[in-house]
**Student:** 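The structure follows.
All values derive from a computational prediction rather than experimental measurement. When a residue number appears, it is its place in the shown sequence, counting from 1. All heavy atoms count here, side chains included; hydrogens, waters and symmetry mates do not.
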Amino acid sequence: MEPAPTTEHSLRRRTLLGAALAASAAVALAAAPAQAAIWSSSDQWGNYTTADGYTLYNNIWGSGAGSQSIWANSSSNWGVSANHANTGGIKSYPNAKKVVNKPINSLSSLTSGYNVTVPSSGAYNTSYDIWDSDYDYEVMLWVNYNGAVGPLGTSQGNVTLGGHTWTVYKGNNGANEVYSFLRTSDSTSGTVNILPILKWIKDTKGWWGNETIGDVQFGYEITSSSGGLNFTTNGFNVSSS
């Protein structure tokens, strides 16, 4: 919501004898960890724009927040190490975003893929945060969540859209309307067809008009991660036309 530790990796090479062992070496090298991150930050508002136009954002914004660092090799390979107290209230939303800047009716497609590794403890959700260009409307798509977290507003029932089944909540945070779609079962990888969700809000429910879609963000809305927890994005992309 807006208005994995950085470590040194090393490639271990072995002295191998024989052609059979050489094949094993190739497999070992392919599976080795990536090189050290090309960017990292522990700053509250630390941010970095990638060559392909995505912006990474550490975004520690809630009260009672602890320490948090973000690292990135690319827009599709980045992560966060966070140590936030086991108290209520959202502490941060580290994310990657792509700006679309197109009215809903002018879009023929808007899709995104994700692949994440998330902890089994703590309180957080892994979510898309989609905004109109004026930041009057916010659409959250929770693909997984853990611990004492919940959406704003009241339940509007279940709907199957964009390749997933969601429980929908409608609310207002005092600054903007919030439409939250919570996947009915947790997922750590998949593809979301976002455009039918936006059109359902517009055409089926009439909750907004032909809004211009601005930011499509994806990240981790963290309430607590006491002791330090790691969140890793193994793959992420946004495509629109």
Side-chain angles (χ1 to χ4, degrees), residues 1-3 57 59-63 80 82 84 88-98 100 104 107 110-114 116 118 122-209 211-225 231 233 236 238:
M1 183 175 184
E2 282 192 69
Y57 193 19
N59 195 25
I60 308 168
W61 65 268
S63 62
V80 174
H84 299 303
I90 299 163
K91 310 300 191 302
S92 66
Y93 179 58
N95 68 85
K97 80 171 181 181
K98 184 76 167 181
V100 174
I104 295 170
L107 286 165
L110 178 57
T111 62
S112 181
Y114 63 92
V116 300
V118 291
Y124 63 87
N125 65 69
T126 303
S127 57
Y128 288 88
D129 207 7
I130 302 162
W131 292 88
D132 72 306
S133 58
D134 294 326
Y135 297 97
D136 295 323
Y137 299 99
E138 178 181 11
V139 180
M140 297 202 74
L141 311 178
W142 294 24
V143 296
N144 63 60
Y145 43 99
N146 190 76
V149 295
L152 183 70
T154 56
S155 174
Q156 308 294 305
N158 286 8
V159 64
T160 299
L161 290 167
H164 305 262
T165 301
W166 318 88
T167 303
V168 183
Y169 292 81
K170 182 176 183 288
N172 186 296
N173 62 16
N176 54 266
E177 299 293 323
V178 183
Y179 311 120
S180 299
F181 292 69
L182 277 62
R183 200 176 188 278
T184 55
S185 61
D186 282 347
S187 169
T188 55
S189 65
T191 300
V192 183
N193 189 357
I194 298 172
L195 186 57
I197 297 171
L198 304 182
K199 287 188 172 181
W200 182 83
I201 296 171
K202 173 183 172 290
D203 298 328
T204 303
K205 303 304 289 184
W207 291 340
W208 63 7
E211 297 296 326
T212 296
I213 301 305
D215 299 352
V216 176
Q217 304 167 7
F218 177 80
Y220 310 96
E221 195 173 53
I222 306 171
T223 293
S224 68
S225 54
F231 302 79
T233 303
F236 169 63
V238 175

**Student:** Could you state the interatomic distance from CG (Leu161) to CG (Leu141), rounded to the nearest 0.5 Å?
**Tutor:**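 Going from CG on Leu161 over to CG on Leu141, the span is 10.0 Å.
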**Student:** Quick one: pull up CE in Met140 and CD1 in Ile130 and give me the separation to the nearest 0.5 Å.
**Tutor:**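 The CD1 atom of Ile130 is 9.5 Å from CE of Met140, to the nearest 0.5 Å.
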**Student:** Show your working on side-chain contact (heavy atoms from CB on, under 4.5 Å) between Trp131 and Ile213 and close with a plain yes or no.
**Tutor:** CA-CA 6 Å; Trp131 292 88; Ile213 301 305; over 6 Å; no
**Student:** So which heavy atom on Lys199 is nearest to which on Leu107, and how close?
**Tutor:**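 Taking every non-hydrogen atom into account, NZ-O, 4.3 Å.
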**Student:** Testing the basics here: between Tyr128 and Ser112, what is the closest heavy-atom pair and its distance to 0.1 Å?
**Tutor:**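 Shortest heavy-atom separation between Tyr128 and Ser112 comes out as OH-OG, 2.7 Å.
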**Student:** What pair of heavy atoms forms the shortest contact from Trp142 to Pro151, and how long is it?
**Tutor:**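 For Trp142 and Pro151, the tightest heavy-atom pair comes out as CH2-N, 3.7 Å.
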**Student:** If you take all heavy atoms of His84 and Ser92, which pair is closest and at what distance?
**Tutor:**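 Between these two residues, the closest heavy atoms are NE2-OG, 3.5 Å.
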**Student:** Search all heavy atoms of Asn176 against all heavy atoms of Glu138 and return the closest pair with its distance.
**Tutor:**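 So the minimum-distance heavy-atom pair works out to ND2-OE1, 3.2 Å.
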**Student:** Do you see a donor-acceptor pair shorter than 3.5 Å between the side chains of Thr223 and Glu221?
**Tutor:**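 Not at all, the side chains of Thr223 and Glu221 share no donor-acceptor pair under 3.5 Å.
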**Student:** Measuring from atom CG of Asn146 to atom OG1 of Thr126, what distance do you get when rounded to the nearest 0.5 angstrom?
**Tutor:**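 Going from the CG atom of Asn146 to the OG1 atom of Thr126 covers 9.0 Å.
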**Student:** Compare all side-chain heavy atoms of Trp200 with those of Val168 and state whether any distance is below 4.5 angstrom.
**Tutor:**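 Trp200 reaches Val168 side chain to side chain.
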**Student:** Any donor and acceptor pair, going by atom type alone, linking the side chain of Asp215 with main-chain N or O of Gln217 inside 3.5 Å?
**Tutor:**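 Side chain of Asp215 to backbone of Gln217: no pair is present.
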**Student:** Do you know which two heavy atoms are closest between Ser225 and Ala82, and how far apart they sit?
**Tutor:**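 In this case the closest contact between Ser225 and Ala82 is OG-O, 3.0 Å.
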**Student:** Restricting to side chain to side chain contact (heavy atoms under 4.5 Å, CB included), what partner residues turn up for Ser155, sequence neighbours left out?
**Tutor:**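 Once residues adjacent in sequence are excluded, the partners of Ser155 under the side chain to side chain contact (heavy atoms under 4.5 Å, CB included) criterion are Thr167, Tyr169.
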**Student:** Nearest 0.5 Å, please: how far is CZ in Phe218 from OG in Ser127?
**Tutor:**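 Spacing of OG (Ser127) from CZ (Phe218) equals 7.5 Å.
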**Student:** To the nearest 0.5 Å, what is the distance between CD on Gln156 and CD1 on Ile201?
**Tutor:**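 The distance works out to 11.0 Å.
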**Student:** Out of curiosity, Lys91 NZ to Tyr124 OH, how far, rounded to the nearest 0.5 Å?
**Tutor:**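 Output value for this atom pair is 15.0 Å.
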**Student:** If we check side-chain hydrogen bond (donor to acceptor under 3.5 Å, both in side chains) with Tyr220, which of these qualifies: Asn144, Asn125, Asn95, Thr233?
**Tutor:**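 Single side-chain hydrogen bond (donor to acceptor under 3.5 Å, both in side chains) partner of Tyr220 among Asn144, Asn125, Asn95, Thr233: Thr233.
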**Student:** Main chain of Ile222, side chain of Tyr93: is a donor-acceptor contact present, judged purely on distance under 3.5 Å?
**Tutor:**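 Such a contact is absent between Tyr93 side chain and Ile222 backbone.
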**Student:** Taking Gly174's backbone N and O only, do any of them form a donor-acceptor pair with Asn172's side chain (distance below 3.5 Å, no angle check)?
**Tutor:**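 It does hold such a pair.
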**Student:** Ignoring hydrogens and angles, write down the donor-acceptor pairs under 3.5 Å from the side chains of residues 178-198, residues two or more places apart or on other chains.
**Tutor:**
{"unit_1": "Tyr179", "atom_1": "OH", "unit_2": "Trp207", "atom_2": "O", "d": "3.1"}
{"unit_1": "Arg183", "atom_1": "NE", "unit_2": "His164", "atom_2": "ND1", "d": "2.8"}
{"unit_1": "Arg183", "atom_1": "NH1", "unit_2": "Ser185", "atom_2": "O", "d": "2.6"}
{"unit_1": "Arg183", "atom_1": "NH1", "unit_2": "Ser185", "atom_2": "OG", "d": "2.9"}
{"unit_1": "Arg183", "atom_1": "NH2", "unit_2": "His164", "atom_2": "ND1", "d": "3.4"}
{"unit_1": "Thr184", "atom_1": "OG1", "unit_2": "Thr165", "atom_2": "O", "d": "3.3"}
{"unit_1": "Asp186", "atom_1": "OD1", "unit_2": "Tyr145", "atom_2": "N", "d": "3.3"}
{"unit_1": "Ser187", "atom_1": "OG", "unit_2": "Tyr114", "atom_2": "OH", "d": "2.8"}
{"unit_1": "Ser187", "atom_1": "OG", "unit_2": "Ser189", "atom_2": "N", "d": "3.4"}
{"unit_1": "Ser187", "atom_1": "OG", "unit_2": "Ser189", "atom_2": "O", "d": "2.8"}

